[in-house]
Amino acid sequence: MFEFLNQQEVIKTIVTIGSMVLFFVGLFGLLTRKHIIKIFISIAIMESSIFLLFIGLTFNTDFIAPILDNTHVNVSNMNDPVPHAMLLTAIVIGMAVLALGVSFAIEYFKLTGKTDINEMNEMKH
Amino acid sequence: MIGFIILVTFIGIVIVAFSAIIQKRLSDSIILFMGVGLGSVVLFFIFKAPDVALTEAVIGAGISSLIFLMALKHLGESR
Amino acid sequence: MNLKRDLPTSTLSGFALSGLLILTLLNILLQNMPDNIQTAGNELLKLNANEGVANAVTTVVVYFRGFDTLGEIAVLFIASLGLGLMLHSNTRCDIKAESNFMLQTASKLLFPIILLFGIYVMIYGHLSPGGGFQGGVIIASGVLLLLISHKEFEVPHSVIVALETFAGVSYVLIGLIGLLVLDTFLGNFLPHDISQMGMLISGGIIPIIYIIVGIKVGSEMSMIVQNLIKRSDDV
Amino acid sequence: MSSILFIALPLLFGFATPILSKFGKNGVAYTSMLMQMFLLYLAIDLVSTTSSYVEIISIAPPLGISFVLNSASLFFVTIFTFLITLFSLYYLTHRKTDAYENETKFFILLNMLLASSIGLVLSSDIFNIYVFFEIAGISAYILSAYKKTPSALEAGLKYLLTGAVASVFLVFAIALIYINVGSLNLAVISQSFEALPYNIKVLISILLLIGFGFKVEIFPLNFWVTDVYQGSSALVNALFSGIIVKAYLFVFFHILYLFLPSGEFSVFLVYLGAVSMLVAEIVGLKQTNLKRLFAYSSLGQVALIFTAFAMQNKEGIQAALFIVLAHSIAKFIIFLALTSIQGEHKSIHIETLKELNSPFLRAIMLIAMFSLLGIPLFAGFVGKFLALKSFAVEGMFVILMIIVISSLIESVYYFKLSGYMFSKGKKREVLNIGSTQKIVFVLLAFLLIFIGIAPFMISNFLGDSANILLDAKSYSDMLGGV
């Protein structure tokens with residue numbers, strides 16, 4: 001019933017608005033939350049919003065996935081594979097940095113019992 | 001049909017993400033964060049990017065949630 | 001949950017500021033929506049034919065932009081090294097909950113299937129969606145299942161380190177061989193003609209590199225998972 | 001010999017460390033030291049012969065990834081290999097007193113840091129720069145949290161948080177660039193960046209500024225720097241201020257010159273740099289902890305380099321390259337000397353410099369401080385003098401005033417410190433410094449004086465590096481931009 005939603009332009013606007021709102025939800029969480037793990041969750045949300053924006057704006061609704069086989073050999077109606085390749089790397093890098101951050105937070109909690117980012121001032125005393 | 005699914009999924013992801021951040025208990029935040037991961041897997045699949053959908057499913061929704069759950073295990077249920 | 005009571009005014013003002021920023025950013029992005037331009041990806045798609053690989057994304061990930069994947073492997077290698085340094089626990093294991101019998105038998109049944117699926121995704125990376133990264137992490141999630149269900153299960157450290165080193169060193173060596181043979185780092189020096197597009201042995205070094213990537217990612221992710229689970233509680 | 005070895009060899013040695021550790025207890029240390037020396041020989045051999053050439057990876061530009069080695073990037077590659085070789089030399093004797101417990105990990109991180117900072121400098125593909133941005137970042141986070149003490153862990157945590165946010169903004173910028181330009185190759189982007197609509201250009205530039213701003217330690221985004229310097233050990237601080245900051249500085253301005261050759265935002269950046277230098281020096285005045293004090297002085301000097309680079313003309317860039325060289329060497333001397341003095345654990349108060357009982361170390365630190373101050377006959381003076389001259393020539397007298405005032409503020413606390421060097425107060429026990437450490441210090445100090453006395457030796461090399469950096473057109477022709 002919502003036929004007009006299927007046009008390329010409308011989809012691109014939905015994607016832009018949606019991922020930008022998600023980006024600012026993550027930024028809002030980053031600025032206001034105090035618990036260290038929630039800050040990491042906000043950064044992960046910001047990252048996934050950028051990835052959604054990137055793929056959302058570079059895909060074409062009536063193109064197919066860039067995988068050739070004996071039936072789909074015509075390359076002209078295939079989506080651009082380079083954003084997919086970039087995202088493969090970016091998702092894994094984002095996860096690796098978060099895993100490292102979580103291990104720092106665990107060790108810091110074991111030694112000082114603090115998870116609140118504002119209380120972390122070992123340097124002052 | 002695609003446009004409608006994209007619209008609904010995006011609204012769902014934004015609501016789940018905002019509630020994941022606002023949550024008091026850490027375990028609720030992590031579970032809602034898994035919802036965001038799931039939503040982005042669905043979206044990547046609709047965007048005709050199967051490789052990215054599989055990666056996001058395995059890493060974004062899978063291992064990232066495990067990492068945060070392990071953090072929850074070691075840090076305990078804080079404020 | 002009463003929004004007004006729980007959110008202090010600073011977060012509300014943060015909220016308003018973000019709203020303002022969203023509107024300015026949105027109208028910049030929405031006005032300048034480029035119509036589909038000729039991107040590097042379209043040319044790479046055409047070039048993909050003479051590499052003889054069915055999954056164009058794999059060709060781009062492993063061959064055309066192969067150095068990013070090498071860098072990506074280095075990031076994962078350093079992350080697992082950092083996690084090992086931080087969370088290395090010398091106590092045997094610390095899962096208090098006694099895992100019941102059902103979990104143990106179920107995981108014994110499930111692990112081979114997950115392992116097989118992971119290896120399939122890894123080996124068929126250049127034919128169907130999937131590949132080294134995804135296959136490796138699927139294997140690591142299988143290892144995770146065993147770690148949770150069997151308290152005394154430990155990932156064999158020396159085997160994992162041997163696999164990791166073998167994979168890392170052979171990746172760079174393949175690159176250097178490409179440098180010697182074809183005068184471009186990571187050059188595709190094995191035969192990769194178009195006729196075997198759909199076959200398993202197609203695409204020259206591309207499937208080989210993706211399997212090496214899978215081995216490395218699988219071993220590193222299992223080390224990360226084990227360090228996260230086995231971190232001792234009693235400090 | 002192709003320039004890809006600069007990146008492939010450290011990665012190979014990083015991946016192969018379990019094999020290398022089979023060759024005896026310190027097999028890893030000596031093999032990676034030998035590799036770094038080989039790279040240094042390679043860099044010096046290239047210095048005399050290089051005319052900029054393109055090193056391609058698996059497919060020719062403008063589609064695939066390619067590395068461009070010209071005199072500008074070679075200058076940085078030589079500095080990085082030289083400093084890391086001396087760092088390993090210093091560490092080999094330092095570890096007898098205070099070894100890092102599992103030392104193979106330390107050398108893996110060192111090799112990865114070398115590979116990624118060289119990769120940042122050489123790469124001509126914006127997503128490849130993001131990958132090296134992450135590798136350098138992640139090895140720096142672990143190096144700063146290596147000692148696992150509460151303050152080291154807090155430093156690592158803060159460094160990681162700011163780094164993760166910076167990389168989100170950088171990926172945002174790269175996504176927008178690919179959506180609007182359709183290519184990742186710097187040459188192709190620089191050709192069609194001018195044609196983009198104005199507000200998209202502004203948006204991408206702001207995102208790049210925020211993304212790199214965290215790492216380039218610019219005023220609003222450098223709140224985390226002093227905590228990280230104070231938390232992590234002095235040995236690692238030498239790497240931070242000597243190598244990592246310089247790699248990020250070069251990449252940011254290399255991209256800026258390619259994207260905006262007409263220098264639209266250079267006036268804004270110049271004022272940003274000058275303000276951040278002033279703020280860094282003012283806050284640095286009342287510091288009592290030595291590591292924190294030198295962190296603020298690093299912030300000030302990096303801001304001066306930022307301002308000189310942002311001038312976007314030949315004299316400005318030449319001055320910036322001189323200051324980069326002088327500051328890296330001087331900060332290496334100071335932080336390595338701090339490691340010898342305090343043995344790394346407790347953060348030391350300024351007054352402890354009075355009881356420093358090693359005339360050799362006092363002389364070396366004095367030379368480094370004079371060079372940082374910009375006293376004639378030292379390398380620092382050449383850089384500062386050229387920078388001030390380029391501001392005056394451009395008629396930016398407000399900037400000139402700000403820089404002069406902040407340098408005066410900086411000289412207040414440096415004169416106080418060098419005063420401690422001459423004081424006759426009671427001395428602690430004699431500090432013994434290994435013979436190879438002495439060689440490292442003497443070599444660095446000699447370089448400072450040599451460049452100070454005879455800057456003309458390298459000034460034309462730096463001059464044409466500045467021209468090559470500014471010349472966006474020849475860069476894209478060389479890469480065969482579409």
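In this text, all values refer to a predicted model and were calculated from it rather than measured experimentally. Labels below follow one simple rule: chain letters A, B, ... track the order of the sequence lines, proteins then strands, and each chain is numbered from 1.
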Pairs flagged by ring-ring contact (aromatic ring centres under 6.0 Å, His included) wherever residues 198-217 of chain D is involved - sequence neighbours left out
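For residues 198-217 of chain D, and leaving out neighbouring residues, the ring-ring contact (aromatic ring centres under 6.0 Å, His included) pairs sorted by first residue read D:Phe133-D:Phe212, D:Phe212-D:Phe252.
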
Picking from A:Leu57, A:Thr58, A:Thr112, which has the most non-hydrogen pairs under 4.5 angstrom with chain D?
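Most heavy-atom pairs under 4.5 Å with chain D: A:Leu57.
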
Contacting moiety of [X], where chain D heavy atoms sit under 4.5 Å:
X        : value
A:Ile39  : side chain
A:Ile117 : side chain
A:Leu100 : both

Side chain / backbone / both / neither for [X] at chain A, heavy atoms under 4.5 Å:
X        : value
D:Tyr141 : both
D:Phe172 : both
D:Leu184 : side chain
D:Phe169 : side chain

For A:Asp80, which residues count as a salt bridge (charged side-chain N to carboxylate O under 4.0 Å, His left out) partner, sequence neighbours excluded?
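Not a single residue meets the salt bridge (charged side-chain N to carboxylate O under 4.0 Å, His left out) criterion with A:Asp80.
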
Close side-chain approach of A:Leu53 to A:Met20, heavy-atom, < 4.5 Å
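In contact.
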
Taking the side chain as everything from C-beta on, heavy atoms only, tell me whether D:Val131 gets closer than 4.5 Å to D:Ile135.
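Contact flag for D:Val131/D:Ile135 side chains = yes.
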
Checking side-chain polar atoms at under 3.5 Å, does D:Asp125 have a donor or acceptor matched by the opposite partner on D:Ser66?
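Per modelled atom types, D:Asp125 and D:Ser66 side chains form no pair under 3.5 Å.
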
Relative to each other, are the rings of D:Phe259 and D:Phe193 parallel, tilted or perpendicular (30° and 60° limits)?
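Correct class here is parallel.
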
